[in-house]
Amino acid sequence: MKYEPVIGLEVHSQLNTKSKIFCGCSTEFGAAPNAQTCPICLGMPGVLPVLNTEVVAKSIRAALALNCTVSEVSRWARKNYFYPDLPKGYQISQYEQPLAVNGHIDIMVNGQHKRIRIHRIHMEEDAGKNIHGENLGDPAHSYVDLNRTGVPLIEIVSEADMRSSEEAKAYLEKLHSILRYTGVSDCNMEEGSFRADANVSVRPFGQEKFGTKAEVKNVNSFRFIQKAIDYEIERQSDLIDDGGRVIQETRLWDSVKNVTVSMRSKEEANDYRYFPDPDLVPLRVSEAWKNEVAATLPELPDAKIARFQKEYGIPEYDAVQMAEDQQVAHYFEAVVKMGSDPKSATNWIMTDVLRILKERQLEVEQCPVTAAMLHGMLELIKNGTISGKLAKDVFAGMEQTGKDAKTVVAEKGLVQISDTGELEKIVDGVIAANPGNVAEYKSGKVKLMGFFVGQVMQASKGKANPALVNKILKEKLG
Ligand code: ADP
Ligand code: MG
Ligand code: ZN
């Protein structure tokens with residue numbers, strides 16, 4: 001690769017307050033179109049916005065969790081543009097004096113740690129939604145739903161510190177994780193409560209000055225964002241190689257064709273004519289308020305990752321997996337507190353438990369295999385009732401039936417055979433059935449041990465105790 005990618009991300013996250021930012025309308029998702037509106041969020045003449053304190057409290061909470069400095073004074077500004085889903089003709093946002101600045105998020109990519117700086121966090125109201133008639137079998141009309149108008153958002157703007165799509169993905173995942181921990185947003189990407197815009201440019205390696213950036217808007221999954229960034233890096237590199245020049249523009253990701261397409265160039269872009277909103281006084285956040293919010297923050301992912309490594313002796317990779325989701329972390333600790341070995345627990349959670357959650361789109365609280373059930377199974381492995389191999393079947397049985405490990409073992413007859421007499425019989429059978437291999441083994445081809453063990457496991461339907469099988473085979477084969 002000849003060029004170095006430079007990436008900065010802007011994330012809009014919807015705060016989960018009950019009511020909107022400047023009126024009392026509900027923010028509940030999925031209501032009938034325009035059912036949740038009033039003269040204020042409809043932008044009627046003469047109305048006045050009243051700031052929802054809870055929005056500010058939640059924004060401070062997010063800002064502190066993201067290591068930002070919360071400004072003592074911040075200001076509201078009008079961002080002016082014309083669009084059918086914005087009846088006032090302007091969006092109330094923050095411009096010159098945002099709520100918070102100078103934060104950071106620490107990420108890990110391929111075992112490497114990196115700090116990504118956060119430039120600013122500001123609060124703003126969301127616009128409504130235009131629904132094009134084609135999608136409703138009515139191409140002659142367009143529809144406007146203003147339920148979302150005035151729903152509170154925070155915008156989190158990173159510095160252009162990322163140098164690959166993997167770093168961008170890691171940043172977004174970490175940001176998502178931290179915001180979920182703080183409880184200020186459900187961060188549901190499908191419902192649009194966590195939306196990312198990616199600013200991408202490339203420059204020759206060694207060059208200090210950034211190249212011209214393109215901005216890819218509103219991509220709604222981590223995987224697509226990574227693909228969109230990789231596409232942009234390649235498009236811009238090819239363009240420069242061919243003697244062309246990247247132009248500053250806004251592009252959209254087409255997830256069917258896997259390409260970005262130009263939406264508007266910067267020349268045609270809006271001039272928002274920002275100015276301080278005369279309807280709202282400057283916002284003052286006292287030291288006492290900040291401290292009050294800080295005191296209620298939970299243990300955040302980085303602190304948990306460090307504690308899990310120290311307290312349970314698990315590798316960093318495992319700790320990261322356990323800490324990404326607060327409830328998964330809780331599940332892991334529950335299993336360990338019941339007495340299971342921490343590393344055995346993470347092995348099963350990282351593979352089988354997280355797989356179930358992903359496949360079935362469940363939260364860990366809804367997992368059919370509860371922490372107690374996993375602990376129960378790990379106990380059966382520890383005391384030799386089942387082998388690690390049988391455990392896979394036992395786990396599948398727990399997942400399918402919701403019954404605990406002991407019950408599954410009893411019902412399916414999955415108990416490990418550790419009876420020496422019984423095992424000797426099976427071993428004798430295998431030896432008798434394979435005289436050729438036995439002769440070869442005795443003449444020095446000891447690698448065949450694996451073959452014999454495999455045969456015994458097969459004959460016992462996976463139930464033979466592997467350690468005992470090895471021992472008996474060695475004895476019998478001499
Ligand atoms: P705009 O005014 O176009 O919105 P900003 O200066 O506000 O641009 O930056 C928006 C985002 O783009 C920030 O995350 C910033 O780090 C990032 N950014 C700025 N310049 C570049 C660049 N040349 N390449 C990549 N990202 C950039
Ligand atoms: Mg911007
Ligand atoms: Zn309203």
Side-chain angles (χ1 to χ4, degrees), residues 3-12 17-28 31 34-44 47-52 55 66 77 79 81 87-88 92-96 98 101-105 116-122 124-128 145-152 155-165 167-168 171-172 175 196-204 207-217 225 228-229 232-233 236-237 240 245-251 263-272 274:
Y3 301 102
E4 180 181 43
V6 172
I7 302 153
L9 297 168
E10 295 167 286
V11 171
H12 284 92
T17 53
K18 286 208 165 58
S19 55
K20 294 184 180 180
I21 182 168
F22 297 120
C23 64
C25 292
S26 167
T27 56
E28 187 113 28
N34 299 304
Q36 293 164 347
T37 56
C38 73
I40 293 173
C41 54
L42 289 174
M44 299 286 182
V47 298
L48 285 173
V50 176
L51 179 59
N52 177 348
V55 170
L66 296 169
K79 179 179 181 179
Y81 63 96
K88 285 202 299 288
I92 304 177
S93 180
Q94 297 190 303
Y95 188 56
E96 274 164 341
V101 294
N102 295 337
H104 64 259
I105 290 181
I116 309 296
R117 292 168 301 157
I118 291 170
H119 179 62
R120 60 184 273 155
I121 299 180
H122 63 257
E124 63 187 23
E125 57 178 348
D126 207 349
D145 180 2
L146 297 174
N147 282 347
R148 214 177 58 185
T149 312
V151 160
E155 179 173 344
I156 302 146
V157 183
S158 83
E159 295 291 351
D161 282 349
M162 287 152 278
R163 296 292 175 266
S164 68
S165 66
E167 287 183 7
Y171 169 86
L172 288 173
L175 174 59
D197 303 334
N199 296 271
V200 184
S201 66
V202 299
R203 63 181 173 187
Q207 177 182 304
E208 186 93 24
K209 196 170 168 284
F210 286 164
T212 305
K213 73 177 160 87
E215 183 178 3
V216 188
K217 280 247 177 249
I225 289 169
I229 292 172
E232 264 311 293
I233 294 169
Q236 295 180 17
S237 302
I240 298 171
R245 185 176 64 87
V246 176
I247 55 165
Q248 189 162 334
E249 61 181 350
T250 304
R251 299 176 71 88
M263 189 167 99
R264 57 168 184 257
S265 77
K266 205 71 188 179
E267 288 80 62
E268 316 158 41
N270 292 300
D271 170 3
Y272 293 120
Y274 280 99

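Just so we're clear, the structure is a prediction, and the values are computed from it rather than from any experiment. We're numbering straight along the sequence, starting at 1. These values consider heavy atoms only, across backbone and side chains, with no hydrogens, waters or symmetry-generated copies. Ligands are counted one by one from 1 in listed order, and the atoms in each one are counted from 1 as well.
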| query | Just which atoms of ligand 1 are under 4.0 Å from any heavy atom in G211? | reply | 23 (N)
| Does F210, backbone or side chain, put an N or O under 3.5 Å from an N or O of ligand 1? | no
| query | Which protein N, O or S atoms lie under 2.8 Å from the Zn ion (ligand 3)? | reply | C23 SG, C25 SG, C38 SG, C41 SG
| message | So if I count the atoms of ligand 1 from 1 in the order they appear, which ones are less than 4.0 Å from some heavy atom of A160? | response | 16 (O), 26 (N), 27 (C)
| request: Would you mind telling me which of Q248, K213, E232 makes a side-chain hydrogen bond (donor to acceptor under 3.5 Å, both in side chains) with N199? | output: K213
| request: Quick one: pull up OG in S93 and CD in E125 and give me the separation to the nearest 0.5 Å. | output: 8.5 Å
| So, the side chain of S19 versus the backbone of S26: is there a donor-acceptor pair under 3.5 Å, distance only? | no
| request: Please indicate whether any nitrogen or oxygen in T212 is less than 3.5 Å from any nitrogen or oxygen in ligand 1. | output: no
| said: Within this structure, what is the CD1-CD1 distance for the pair I225 and I7, rounded to the nearest 0.5 Å? | reply: 11.0 Å
| query | Short list, please: which atoms of ligand 1 are under 4.0 Å from a heavy atom of V6? | reply | 24 (N), 25 (C)
| message | Let me confirm one number: the CD1-CD1 distance from I40 to I21, rounded to the nearest 0.5 Å. | response | 12.5 Å
| task | Using a strict cut-off of 4.0 Å, indicate which atoms of ligand 1 neighbour a heavy atom of L9. | result | 14 (O)
| task | Could you tell me which atoms of ligand 1, counted from 1 in the order shown, lie closer than 4.0 angstrom to a heavy atom of V157? | result | 13 (C), 14 (O)
| query | With respect to atom 12 (O) of ligand 1, which of D197, T250, N199 exhibits the smallest heavy-atom separation? | reply | N199
| query | Does an N or O from E215, backbone or side chain, lie closer than 3.5 Å to an N or O of ligand 1? | reply | no
| query | Which distance, rounded to the nearest 0.5 Å, do you find between the CG of L66 and the NE2 of H104? | reply | 9.5 Å
| field | Distance-only side-chain donor-acceptor flag, H12 / E10, under 3.5 Å | value | no
| query | Should the pair K79 and Y274 be classed as cation-pi, given the thresholds of under 6.0 Å to the six-membered ring centre and 45° from the axis? | reply | no
| task | Please lay out, stage by stage, how Q236 and Y3 fare under the test side-chain contact (heavy atoms from CB on, under 4.5 Å). | result | CA-CA 9 Å; Q236 295 180 17; Y3 301 102; over 6 Å; no
| said: How about CD on Q207, more than 12 heavy atoms from neighbouring residues, nucleotides or ligands closer than 6.0 Å, or not? | reply: yes
| request: Would you tell me which option among K209, H119, M162, K213 has the nearest heavy-atom contact to atom 3 (O) of ligand 1? | output: K213
| query | Do R117 and H119 have a side chain donor and acceptor closer than 3.5 Å? | reply | no
